[in-house]
Amino acid sequence: MYMLTVAANTVIICVICVESSLHEPMYMFLCSLQVNGLYGSTALCPALLVNILSDIHDISHTACLMQIYCLHTYGICEYLTLAVMGYDRYVSICHPFHYSTIMSPSRVYKLIAMTWLLPFAATTVTVISTSQLPLCKKIIEKVYCDNYSVVKLACVDITVNNILASFFNVVFIIPLLLLILYSYVQILRICLKSSAASRSKALNTCVPHLVTVINFFVASLFELFQSRFHMEHVPLVIRVLLSVYFLILPPLLNPIIYGLRSKKLREKTKKLLYPKLIWPIL
């Protein structure tokens with residue numbers, strides 16, 4: 001499954017980079033989303049596979065902190081990118097005559113840079129705070145390291161760490177979800193006033209993004225419940241599957257969703273792959 005994720009995301013990234021006709025804001029943001037999917041799945045899957053195959057379930061403190069850093073930056077970056085993509089769809093549908101001005105190349109590059117720099121800066125503060133904690137326990141009841149699981153092992157009061165984590169959740173996640181919600185409320189309002197053809201075209205460009213948002217939000221919700229609430233009554237297999245859902249399925253499904261729904265991307269992918277892989281063989 002990991003190799004399929006790498007292959008699917010790599011194909012989308014290469015097609016968007018190679019095809020100049022896809023150098024539009026929507027596809028540039030999509031490319032960033034696929035890069036983040038590769039980053040997040042690579043932070044977990046190889047190490048998880050090694051642990052399963054070697055039957056070794058130990059991890060050093062440094063490696064654990066690195067995994068926390070990678071997985072948390074992946075999650076925040078995913079939400080930021082999805083919010084920016086929602087804003088892009090809002091501008092495209094609600095302000096079509098000003099779209100090229102608002103979503104200029106320089107602004108697109110700045111937004112992409114923001115979706116990467118903010119998560120790394122915010123997670124650096126969180127990981128440094130966690131690294132200072134003395135640990136009295138050594139067992140994490142998950143298949144990977146996350147910040148809250150490590151914080152719970154501390155010998156000291158963790159109130160400050162919990163407040164810091166809650167602060168970042170409120171500052172990052174909630175406003176981003178509200179931005180996405182606002183974008184789609186405005187899109188829906190415009191669609192209701194438009195012709196059937198315009199409404200169909202608008203919805204066709206929004207469906208992949210909306211499905212991606214819902215998929216990642218549900219996956220994040222599973223992870224939140226797993227981390228913050230007592231789930232001992234849930235079978236272990238289900239808990240493990242839910243804990244890795246947001247790291248495995250979104251990166252795997254995103255390129256498939258966009259590849260199937262976006263006609264332009266699908267055609268460019270066929271054009272790039274088929275002449276090189278099929279025709280020479282035939």
Side-chain angles (χ1 to χ4, degrees), residues 2 36-37 39-80 116 118-174 176 216-251:
Y2 172 65
N36 188 53
Y39 168 67
S41 58
T42 301
L44 170 70
C45 293
L48 185 60
L49 288 172
V50 169
N51 289 342
I52 293 173
L53 294 175
S54 62
D55 199 29
I56 297 174
H57 307 295
D58 297 332
I59 186 171
S60 68
H61 186 246
T62 302
C64 185
L65 292 174
M66 284 296 297
Q67 195 171 67
I68 291 171
Y69 189 81
C70 292
L71 299 185
H72 282 250
T73 49
Y74 156 75
I76 299 174
C77 184
E78 191 85 354
Y79 268 117
L80 277 168
W116 285 92
L118 281 181
F120 281 93
T123 308
T124 297
V125 176
T126 302
V127 172
I128 289 176
S129 174
T130 301
S131 68
Q132 306 301 315
L133 294 174
L135 304 180
C136 290
K137 302 176 183 177
K138 295 183 179 180
I139 299 177
I140 297 176
E141 298 178 354
K142 297 182 75 172
V143 295
Y144 61 86
C145 296
D146 68 27
N147 190 64
Y148 188 66
S149 297
V150 174
V151 167
K152 288 193 297 184
L153 304 179
C155 309
V156 296
D157 182 60
I158 58 173
T159 302
V160 174
N161 299 79
N162 286 334
I163 292 174
L164 187 63
S166 300
F167 171 76
F168 281 125
N169 286 334
V170 171
V171 168
F172 281 103
I173 307 304
I174 295 179
L176 295 177
F216 191 72
F217 176 72
V218 171
S220 302
L221 212 56
F222 285 154
E223 172 58 17
L224 177 64
F225 287 147
Q226 174 86 343
S227 298
R228 297 286 174 172
F229 301 102
H230 295 290
M231 304 279 286
E232 288 80 5
H233 60 284
V234 179
L236 178 61
V237 174
I238 295 178
R239 278 187 282 150
V240 171
L241 291 176
L242 292 181
S243 68
V244 298
Y245 177 87
F246 91 111
L247 289 162
I248 294 179
L249 283 187

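Being a predicted model, the structure only gives us computed values, none of them experimental.
- Of all non-hydrogen atoms in Cys145 and Gln67, the two that sit nearest each other are N-OE1, 2.8 Å.
- Leu118 has its side chain out of reach of Ile76: every pair of non-hydrogen atoms, C-beta onward, lies at least 4.5 Å apart.
- Scanning all heavy atoms of the two residues, the minimum distance from His61 to Ser131 falls at CE1-O, 4.2 Å.
- Between Tyr144 and Cys70 the shortest side-chain heavy-atom distance does not fall below 4.5 Å.
- Atom CE of Met66 and atom OG of Ser60 lie 10.0 Å apart (nearest 0.5 Å).
- Aromatic pair Phe217/Tyr79: ring centres not closer than 6.0 Å.
- If you check the side chains of Tyr2 and Thr42, you find a donor sitting under 3.5 Å from an acceptor.
- Minimum interatomic distance between Phe120 and Trp116 (heavy atoms only, all atoms of both residues): CD1-O, 2.7 Å.
- Side-chain contact between Thr73 and Tyr39 is present, with at least one heavy-atom pair separated by less than 4.5 Å.
- Each of Thr126, Val151, Val150 was checked for a side chain to side chain contact (heavy atoms under 4.5 Å, CB included) with Ile68, and the lone residue meeting it is Val150.
- When Ile140, Ile139, Leu133, Thr130 are each tested for a side chain to side chain contact (heavy atoms under 4.5 Å, CB included) with Leu153, only one passes: Ile140.
- Put simply, the side chain of His72 does not reach to within 4.5 Å of the side chain of Val127, judged on heavy atoms.
- Closest approach of Lys142 and Ser149 over heavy atoms only: CD-OG, 3.3 Å.
- Between Ser220 and Ile173, every side-chain heavy-atom pair lies at or beyond the 4.5 Å cut-off.
- Side-chain atoms of Leu71 and Asp146, non-hydrogen and from C-beta on, never get closer than 4.5 Å to each other.
- Of all the heavy atoms in Ala219 and Tyr245, the pair that sits closest is CB-CD2, 2.9 Å.
- For Gly40 against Leu247, the heavy-atom pair with the smallest separation is O-CD2, 4.0 Å.
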